[in-house]
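This report refers to the structure that appears directly beneath it.
Chain naming here is simple, since letters A, B, ... match the order of the sequence lines and numbering starts at 1 in each.
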Amino acid sequence: MTARPLSRRWYAREALVLAPELLNKLLVARDEAGRRRVGRIVEVEAYAGATDPASHAYRGSTARNATMFGPGGHLYVYFTYGMHWCANVVCGPSGTAQAVLIRALEPLAGLDEMRLARGQSATAGPGPAAQSRADRDLCRGPARLAQALAIVGTDDGVDLIRGRIRVLDDGFAPPAHPAQGPRVGISVAAERPWRFWVPDSGWVSASRRRVMPVDSVVATQ
DNA sequence: GGTGTGATCGTA
DNA sequence: ACGATCACACCA
């Protein structure tokens, strides 16, 4: 089956609906050499916009988050901790500033380019046995996958249907029962179980594969 | 496997 | 002042 982009309408749905639907879709970036770096989305987080204190859009539109307030199907890229870029899929009706943070990919193509972009591990020992970064560490984490796909600030606002970076559907269905748990690294609304991942995926950090107790999930939904 | 800490700078 | 984080050191 050939991989095809998704429609603008597909992206116009609520972040909480779209987030699990993005699981198992492909994230594809074309690099300067015309090579494609491809990963399958295995972990995401939903950010609901004005009603979500953890969202960058919670306090309204600014120069930084302007892309979130535009139409769905575009990439919102932000800079954090003074050194990292992270990538989100903007979704929902235009103006609602909803987004889904891409947290991890299973790398499928362009792994050599990804490794080069990520750099050698500082712990790789010297000599012929010096190992380059493990496949597992290429795209596990939002800043790592952005670096692997060379996603930076100039990619903010890119159209995911036609742009340098695209989300494609290759017919691989989302998991029927996605795993669900709390979002990572936030200090407010931390109880909302709005992180979704492919159950048992080895491409998601083991410590993040713990599911939230069912009653607490139900209670906050 | 887990925890703790420093890096580093744009944003509000 | 504080991040939608990461790499590394150290402990188990």
Quick check: do A:V188 and A:Y58 have side-chain heavy atoms less than 4.5 Å from each other? no
Ignoring backbone atoms, establish whether [X] has a side-chain N or O less than 4.0 Å from OP1 or OP2 of [N].
X: A:R195; N: C:dA4; result: no
X: A:T80; N: B:dG10; result: no
X: A:H56; N: C:dA4; result: yes
X: A:R133; N: C:dC6; result: no
X: A:R118; N: C:dC6; result: no
X: A:S187; N: C:dG3; result: yes

Could you check whether atom CZ of A:R8 has more than 12 heavy atoms from other residues, nucleotides or ligands sitting under 6.0 Å from it? yes
Here's a test of your reading of the structure: between A:R140 and A:G82, which maps to the more 5' nucleotide of DNA chain C? A:G82
Rounded to the Å, how far apart are [X] [atom1] and [N] [atom2]?
X: A:M83; N: C:dC2; atom1: CE; atom2: P; answer: 16 Å
X: A:R136; N: C:dC6; atom1: CZ; atom2: P; answer: 13 Å
X: A:H84; N: C:dT5; atom1: NE2; atom2: P; answer: 9 Å
X: A:E45; N: C:dA4; atom1: CD; atom2: C1'; answer: 6 Å
X: A:R208; N: B:dG1; atom1: CZ; atom2: C1'; answer: 14 Å
X: A:R64; N: B:dG10; atom1: CZ; atom2: P; answer: 12 Å
X: A:Y58; N: B:dA12; atom1: OH; atom2: P; answer: 16 Å
X: A:W85; N: C:dA4; atom1: CH2; atom2: P; answer: 14 Å

A:H84 ring center near A:F79 ring center (under 6.0 Å): no
Quick one: which of [options] gets closest to the side chain of [X]?
X: A:Y78; options: C:dA4, C:dT5, B:dA7; value: C:dA4
X: A:A206; options: B:dT8, B:dG1, C:dC6; value: B:dG1
X: A:Y76; options: C:dC6, C:dA4, B:dA7; value: C:dA4
X: A:S55; options: C:dT5, C:dA4, B:dA7; value: C:dA4
X: A:V184; options: B:dT8, C:dT5, B:dG2; value: C:dT5
X: A:R103; options: B:dG10, C:dT5, B:dG2; value: C:dT5

Is A:A54 touching bases, backbone alone, or none of the nucleic acid, heavy atoms closer than 4.0 Å? base
Reckon A:I186 touches a base, only the sugar-phosphate, or nothing at all at heavy-atom distances under 4.0 Å? sugar-phosphate
What is the base-pairing partner of B:dT5, counting Watson-Crick and G-U wobble geometry with both distances under 3.5 Å? C:dA7
Under 3.5 Å, is there an N or O donor on one side and an acceptor on the other linking the side chain of A:Y81 and the base of B:dA7? no
A:R13 charged N/C atom sitting above A:W10 aromatic ring, 6.0 Å / 45°: yes
A:Y47 ring centre to A:R183 NZ or CZ under 6.0 Å, with the angle to the axis within 45°? yes
Ring-base stacking, A:Y47 with C:dA4 (5.5 Å, 30° cut-offs): yes
All heavy atoms of A:G171 vs all of A:D169, minimum pair found to be N-OD1, 2.8 Å
